[in-house]
Amino acid sequence: MTTTFFRNRLLQIGAAAVIAGLSPALLAQDRPLTNPDDTLKDRWLQICMNARPGSELQSVCTDIIGSEGGEQSEARRLAAARGNHLGIFAAQVKLARSWLGRQQGARTGEERRRKPGMHGERSLGLSGDDDAMLWESERWGVFGNVLVTDVQRDQSRWESAFKSKVLGASLGVDYRINADVVALFSLGVRDNDTDFDGGTGRMKQDSRGVLFGLYGNRGDHFGWQVMLGRESLDLTTSRLIRFDLRLHAGTPQEQLLRFDRTAVSDLDGHNTHGSISADWSWWRGAWTFRSELGGDFSRVELGSGVERNGGGFELRFDRRSNSSRRAHVAFEVSRTNSANWGVWSPSLRLDWFHEFADDGSLYPASFAADSSSALIGFASEDPDRSFGNLSLGISAVRPNGWQWFIGLDRSIANSTLTETRLNAGFRKAL
């Protein structure tokens with residue numbers, strides 16, 4: 001088939017689509033009503049019409065559009081759209097932000113407050129004079145933690161299903177400014193390895209970040225904390241492009257063509273996050289009760305980039321961003337137990353979150369070989385606006401200044417994903 005005939009055929013089909021009110025030239029200004037497969041199927045005509053002459057995209061477009069039109073051409077366009085597996089990019093920005101990982105900063109100060117003088121003096125049996133001497137002699141501390149997180153998401157209208165494993169660690173120092181206020185600084189790393197269902201893609205993310213914070217108390221009951229952090233993100237995403245095209249079906253010239261490539265992209269970005277909270281604690285014998293009210297935010301930004309090795313279907317990404325703002329209420333109960341080696345305390349905590357932002361968005365992209373750079377929209381799913389998190393933990397304090405904790409978190413009543421996190425850490429007074 002010559003290039004001239006191919007372009008004439010595209011013009012004929014495109015004109016017919018416009019007359020029918022189904023113009024494929026719609027730009028992705030709003031989130032489409034259809035999923036990524038149907039959206040791309042309807043835009044093949046515009047994309048192929050503007051494919052650069054001699055490019056791999058133009059060559060494949062000749063087979064996708066064909067010359068016969070009708071149902072056979074529509075079936076090939078749908079097969080090629082589905083085989084591009086565009087749904088993995090809708091989830092890419094949100095995957096760059098670990099949901100329970102955001103709580104790591106919010107919970108850092110909480111574990112530190114379990115030491116003497118920060119809501120812990122009754123548990124340890126210290127008097128006010130003992131506490132004053134302690135904070136003057138132990139102003140500095142070093143702390144660290146490790147975490148393992150599993151995330152699972154089912155297939156949605158716009159986003160591909162995936163399973164993700166996050167490994168993270170942080171190390172920091174804290175400084176007690178006075179008897180009521182502590183400042184902290186930590187460095188952290190986080191690696192996210194995500195597999196999309198059916199082997200359709202994979203994302204590898206490496207994050208490096210810093211966290212600053214202040215926390216403290218007023219009297220015996222009221223506590224507060226403020227945290228601010230920033231992560232640098234490096235993402236490598238592979239996307240399987242695999243589909244079969246049946247040409248001249250039902251004729252002696254019938255032919256089956258298979259397209260099989262794996263496109264790869266490297267992107268960088270950053271995640272800025274912070275939190276603020278206040279809590280009120282009270283005691284009944286060995287039992288401690290704490291109620292908390294707080295909020296957090298996160299903004300993920302990914303830079304632009306171009307895929308490689310896509311056989312003509314390489315995508316060019318514009319800059320993308322996504323913001324989340326949440327409020328939460330929490331209630332925690334713990335019990336202090338004495339042993340000959342120190343004090344240990346099991347705890348149970350329930351958080352309930354409400355999401356105010358993180359709306360489903362349309363992220364811009366286009367085929368690199370499309371000379372018109374026609375936008376293709378990757379729509380993300382709306383979040384679950386209200387959901388919870390249940391935490392079980394055990395902390396321990398030894399007389400020599402060592403503290404240890406281990407905890408298990410599980411998201412609950414979240415209709416969009418399930419996340420489970422195991423974390424453990426320590427603090428040593430200096």
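The structure presented is a predicted model; accordingly, all values stated were derived computationally and were not measured. The first residue of the sequence shown is numbered 1, and numbering continues consecutively from there.
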Can you tell me how far the [atom1] atom of [X] sits from the [atom2] atom of [Y], to the nearest 0.5 Å?
{"X": "Phe387", "Y": "Asn414", "atom1": "CZ", "atom2": "CG", "answer": "5.5 Å"}
{"X": "His270", "Y": "Ser321", "atom1": "NE2", "atom2": "OG", "answer": "9.0 Å"}
{"X": "Arg326", "Y": "Arg385", "atom1": "CZ", "atom2": "CZ", "answer": "12.5 Å"}
{"X": "His85", "Y": "Thr262", "atom1": "NE2", "atom2": "OG1", "answer": "10.5 Å"}
{"X": "Leu408", "Y": "Arg421", "atom1": "CG", "atom2": "CZ", "answer": "9.5 Å"}
{"X": "Thr418", "Y": "Asp154", "atom1": "OG1", "atom2": "CG", "answer": "7.5 Å"}

Of the non-hydrogen atoms in [X] and [Y], which two are nearest, and what is the gap between them?
{"X": "Phe259", "Y": "Gly311", "result": "CZ-O, 3.4 Å"}
{"X": "Gln155", "Y": "Ser160", "result": "OE1-CA, 3.5 Å"}
{"X": "Ser323", "Y": "Arg299", "result": "OG-NH1, 2.8 Å"}
{"X": "Arg76", "Y": "Ile65", "result": "NH2-O, 3.1 Å"}
{"X": "Trp224", "Y": "Leu214", "result": "CZ3-O, 3.5 Å"}
{"X": "Phe367", "Y": "Arg316", "result": "O-NH1, 4.0 Å"}

Is the shortest heavy-atom distance from the side chain of [X] to the side chain of [Y] under 4.5 Å?
{"X": "Glu355", "Y": "Ser324", "value": "yes"}
{"X": "Leu40", "Y": "Leu86", "value": "yes"}
{"X": "Phe353", "Y": "Val329", "value": "no"}
{"X": "Asp150", "Y": "Glu419", "value": "no"}
{"X": "Leu235", "Y": "Leu233", "value": "yes"}
{"X": "Leu422", "Y": "Leu147", "value": "no"}
{"X": "Ile88", "Y": "Thr200", "value": "yes"}
{"X": "Val182", "Y": "Tyr175", "value": "no"}

Under 30°, 30 to 60°, or over 60°: which ring-plane class applies to Phe331 and Trp282, parallel, tilted or perpendicular?
tilted
For [X] and [Y], does a side-chain donor sit closer than 3.5 Å to a side-chain acceptor?
{"X": "Thr420", "Y": "Arg410", "result": "yes"}
{"X": "Ser334", "Y": "Glu332", "result": "no"}
{"X": "Asp384", "Y": "Ser415", "result": "yes"}
{"X": "Ser304", "Y": "Arg319", "result": "no"}
{"X": "Thr288", "Y": "Trp283", "result": "yes"}
{"X": "Asp409", "Y": "Asn389", "result": "yes"}

Would you please name every residue forming a side-chain contact (heavy atoms from CB on, under 4.5 Å) with Leu348, sequence neighbours left out?
Val333, Leu390, Leu392
Taking side-chain contact (heavy atoms from CB on, under 4.5 Å) as the definition, give me every residue that meets it alongside Thr194, ordered by chain and number, with sequence neighbours left out.
Leu95, Phe162, Ser164, Asn192, Phe196, Met203
Tell me, with the steps shown, if Thr237 and Phe89 meet side chain to side chain contact (heavy atoms under 4.5 Å, CB included).
CA-CA 9 Å; Thr237 304; Phe89 294 112; 4.2 Å; yes
So, the side chain of [X] versus the backbone of [Y]: is there a donor-acceptor pair under 3.5 Å, distance only?
{"X": "Arg208", "Y": "Ser232", "result": "no"}
{"X": "Arg43", "Y": "Gln46", "result": "no"}
{"X": "Ser371", "Y": "Asn50", "result": "yes"}
{"X": "Asp180", "Y": "Arg218", "result": "no"}

Is the cationic atom of Arg320 (NZ for Lys, CZ for Arg) positioned less than 6.0 Å from the six-membered ring centroid of Phe317 and within 45 degrees of its normal?
yes
[X]: partners by ring-ring contact (aromatic ring centres under 6.0 Å, His included), with sequence neighbours left out:
{"X": "His354", "answer": "Phe356"}
{"X": "Phe212", "answer": "Phe185"}
{"X": "Trp402", "answer": "Trp404, Phe426"}

More than 12 foreign heavy atoms under 6.0 Å from [atom1] of [X]: is that the case here?
{"X": "Lys163", "atom1": "NZ", "answer": "no"}
{"X": "Arg261", "atom1": "CZ", "answer": "yes"}
{"X": "Arg335", "atom1": "CZ", "answer": "yes"}
{"X": "Asp193", "atom1": "CG", "answer": "yes"}

Quick one: do [X] and [Y] make a salt bridge, cutoff under 4.0 Å?
{"X": "Asp191", "Y": "Lys165", "answer": "no"}
{"X": "Arg308", "Y": "Glu314", "answer": "no"}
{"X": "Asp351", "Y": "Arg349", "answer": "yes"}
{"X": "Asp279", "Y": "Arg290", "answer": "yes"}
{"X": "Glu231", "Y": "Arg190", "answer": "yes"}

Taking the six-membered ring for Trp and the single ring otherwise, decide whether the centroids of Trp44 and Phe313 are under 6.0 Å apart.
yes
One pair to check against side chain to side chain contact (heavy atoms under 4.5 Å, CB included): Thr236 and Asp206. What are the steps and the verdict?
CA-CA 9 Å; Thr236 298; Asp206 296 324; over 6 Å; no
Stepwise side chain to side chain contact (heavy atoms under 4.5 Å, CB included) test for His328 and Trp352
CA-CA 5 Å; His328 78 270; Trp352 196 259; over 6 Å; no
Begin with the C-alpha distance, continue with both residues' side-chain angles, and end with the deciding distance and a verdict on side chain to side chain contact (heavy atoms under 4.5 Å, CB included) for Leu350 and Ile412.
CA-CA 10 Å; Leu350 176 64; Ile412 57 176; 3.7 Å; yes
Arg398: which residues meet the side chain to side chain donor-acceptor pair (under 3.5 Å) condition with it, sequence neighbours left out?
none
Please test Ser298 against Asn271 for side chain to side chain donor-acceptor pair (under 3.5 Å), starting from the C-alpha separation and ending with a verdict.
CA-CA 7 Å; Ser298 173; Asn271 176 23; 2.8 Å; yes
